[in-house]
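Just follow the structure's listing: the first ligand is 1, and inside any ligand the first atom is 1.
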Amino acid sequence: MENMINEKESSGKNNFIHQQIEKELQEGKNQGRVHTRFPPEPNGYLHIGHAKSICLNFGTAEKYGGLCNLRFDDTNPEKEDVEYVDSIMEDVHWLGFDWGDRLYYASDYFGKLYEFAVKLIQEGKAYVDDQDAETISSQKGTPTRPGIESPYRSRSIAENLDLFERMKNGEFEEGSRVLRARIDMASPNMHMRDPILYRILKTPHHRTGDQWVIYPMYDFAHGQCDFWEGITHSICTLEFEVHRPLYDWFIDQLTEDNYRPRQIEFARLNLSYTVMSKRKLLELVKNNYVKGWDDPRMPTISGLRRRGYTPESIRNFAERIGVTKVDGMIDVTLLEHSVREHLNKTSHRVMGVLDPLKVVITNFPEGVTEELEAINNPEELEAGTRLVPFSRELYIEREDFMENPPSKFFRLAPGREVRLRYAYFITCNEVVKDASGEITELRCTYDPASKGGNSPDGRKVKATLHWVSAPHAVESEVRLYDRLFTVEDLFVEKERDFKEFLNPDSLVVLPKCYLEPSVKGAPALTHYQFERLGYFNVDPDSTPEKPVFNRTVQLKDTWAKEKNR
Ligand code: ATP
Ligand code: MG
């Protein structure tokens, strides 16, 4: 967690990217324009790491009165899908950002990229290589040993133009030829060693259909798209630092303008107890290790949303972790802290019992319901109050009772008096068990003078319990979540298959919980605090007949001490 300190220190008013932008603005660069973009490849759902990038790109544009584009870098039809495009747009909007009319696709530029490739060939800066991928990669060399030049490197311009056009026309098989830049096979930067610009792929594209059978490599598209869109700051993650000379080389061949998108790299977000690679997340989805991209255990934005995270909490988290140049691991408890903080301010309190134990109030009349006033949110008194029904039969949490309590247990026990929140003081007189010895019911009496839970004579009780009136209770399924993985840092274990570290107890389904009636009919994603138990929300699986709730997070971080509850 050493890097966490760095992250925190860096999250002051201006991160290093903003410092740099302000310096450029003072120098009058780009006529004072700030134009960023968020450039996902639509090959998976977005995750919390992307949220960091979204907040940075859109947030930077907002801060400097600039613009931010959404651009899909859709150069690989084999892995891309409209499902991903749609989910990405939904997630960016949900986070609270908007690209206005600036929605772009790298595929919009396929024509321009093709023309640019032709120009490179005409200038002797690109050639068609007839070798297969394996041979080409075996000639790459190492950072200390120069690569081997392809035997096709000195083909004539005319032959290259002809072959490239025939590649485009579909005359050659996949893998039989590629177009490569002719730069420097001895460059100390491996990306400059005649990188591949185009490959043959006879896969239809989700936007261009079967118009193309050759596709530009990501590296050949990304920087030029930024340039054509007038991007001033191409903010990206650190692994692209080594690609920068190549991107610059392309732009140098493309234009003699002074204007250049400036690439600035920052450290990607890594979060403890999870994976952030789209390839691994896809594997979890495809092989049913989770229920889908939006499974509430996933670090995806859609998973976090379903789990009960709010856009505000994710934006605050992104702000808090800041932006650095050093790779590090952020403790997931920081993310949980952000959502707890926001839900504490905004969510209504209700009472619900997850592991019910029946309580009969023997001196309360049968068939009578009393309505008791309860505060909706002590953090926001304008949220008002509601009425909670109280009756002769109630449920309390099983763990709030002990027949033979140790000295530190202050909750309900035989002969002991406790407070039921917003209701009354009750005393337990009798414990009823079934044949197996399991406690099935407690018989208690209440003190009618303690209405509202107030002591009638100054006598004190040591515990306040949540409860639900049995005949009024809404029977619900509640899903509790644990970490998806059992190890904090999966990088340390990279020699082994990450799936070996999946937590078998990451989901616990409680089929029969009882909630107070005010939650009835709440729409999907409604947030609540269940008093004493944590923050919960309504799952989209919920129906009026069978409500389903997810636990977003516990009330405070009791992780170290106890699992689950
Ligand atoms: P892939 O391996 O498929 O390229 P990717 O995670 O890089 O996956 P992209 O869709 O290319 O996914 O990412 C879009 C943008 O989000 C990029 O600018 C990338 O730098 C940024 N990004 C991706 N992962 C993270 C992360 N963990 N933290 C911060 N930014 C990220
Ligand atoms: Mg990427």
Side-chain angles (χ1 to χ4, degrees), residues 3 7 10-11 15 17 36-61 68-81 83-89 91-92 95 97 99 104-107 206 217-219 221-223 225-226 229 231 233-244 247 261-283 285 293 298-304 314-315 317-330 332 334-335 489-491:
N3 282 329
E7 297 274 358
S10 74
S11 70
N15 62 48
I17 296 179
T36 57
R37 83 289 177 265
F38 173 63
E41 180 180 354
N43 60 356
Y45 281 55
L46 298 180
H47 54 57
I48 181 74
H50 294 114
K52 174 177 177 175
S53 175
I54 293 167
C55 291
L56 181 58
N57 278 298
F58 282 94
T60 297
C68 181
N69 297 359
L70 175 63
R71 186 182 66 245
F72 289 100
D73 276 337
D74 52 352
T75 54
N76 184 359
E78 289 181 327
K79 294 201 169 147
E80 294 158 8
D81 199 282
E83 178 195 346
Y84 301 135
V85 170
D86 293 343
S87 76
I88 290 170
M89 294 201 275
D91 289 349
V92 174
L95 277 176
F97 299 107
W99 52 89
Y104 299 103
Y105 295 83
S107 52
H206 61 99
M217 299 300 289
Y218 177 87
D219 272 355
H222 185 78
C225 292
D226 280 354
E229 285 172 27
I231 300 305
H233 297 88
S234 304
I235 301 172
C236 65
T237 38
L238 286 177
E239 71 272 20
F240 290 103
E241 193 163 3
V242 284
H243 296 240
R244 192 180 342 136
Y247 295 172
R262 172 170 199 158
Q263 176 168 309
I264 310 175
E265 303 87 7
F266 70 99
R268 64 171 49 228
L269 168 65
N270 298 307
L271 203 58
S272 59
Y273 294 101
T274 195
V275 293
M276 212 73 94
S277 135
K278 280 195 275 189
R279 185 181 56 74
K280 289 180 181 158
L281 295 174
L282 180 66
E283 199 177 333
V285 173
W293 284 101
M298 291 279 272
T300 50
I301 295 177
S302 51
L304 291 167
I314 294 176
R315 293 201 305 261
F317 169 74
E319 180 65 30
R320 245 180 213 135
I321 58 175
V323 187
T324 62
K325 275 273 188 194
V326 193
D327 269 320
M329 164 88 78
I330 299 291
V332 66
L334 201 63
L335 180 63
D489 187 351
L490 282 142
F491 283 106

Requested in this report: Under 4.0 Å, heavy atoms only, figure out whether ligand 1 is touched by the backbone of R268, its side chain, both or neither.
Outcome: both
**Report entry** Part of D73 within contact of ligand 1 (heavy atoms, under 4.0 Å)
**Finding:**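 The answer is neither.
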Contact (N/O only, under 3.5 Å) between [X] and ligand 1:
X    : value
N43  : yes
G49  : yes
E239 : no

Counting only N and O atoms by type, is there a donor-acceptor contact under 3.5 Å from the side chain of [X] to the main-chain atoms of [Y]?
X    : Y    : result
R315 : L95  : yes
S272 : V332 : yes
T324 : V326 : yes

Query raised in the report: Out of S234, P40, P39, G44, whose heavy atom sits nearest atom 18 (O) of ligand 1?
Result: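 It is P39 that holds the nearest heavy atom.
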Query raised in the report: Is the shortest distance from a Lys or Arg side-chain nitrogen in K278 or E41 to a carboxylate oxygen in the other one below 4.0 Å?
Result: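 Salt bridge absent between K278 and E41.
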Query raised in the report: Is E229 salt-bridged to R71, going by a charged N under 4.0 Å from an acidic O?
Result: yes
**Report entry** Side chain to side chain, L70 and F38, heavy atoms closer than 4.5 Å
**Finding:**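 Heavy-atom side-chain distance check passes, below 4.5 Å.
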Report task. Within a distance under 4.0 Å of any heavy atom of S53, pick out the atoms of ligand 1 and give their elements. Result -> 16 (O), 21 (C), 30 (N)
Report task. Would you mind listing which atoms of ligand 1 come within a distance below 4.0 Å of any non-hydrogen atom of T237? Result -> 19 (C), 20 (O), 29 (C), 30 (N), 31 (C)
Report task. Please name all residues satisfying ring-ring contact (aromatic ring centres under 6.0 Å, His included) with F72, sequence neighbours left out, ordered by chain then number. Result ->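 Y105.
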Report task. Say whether R279 and ligand 1 are in contact under the criterion: heavy-atom distance to a ligand atom below 4.0 Å. Result ->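 Contact check R279 vs ligand 1: negative.
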Query raised in the report: Is it true that F266 lies under 4.0 Å from ligand 1, counting heavy atoms only?
Result: yes
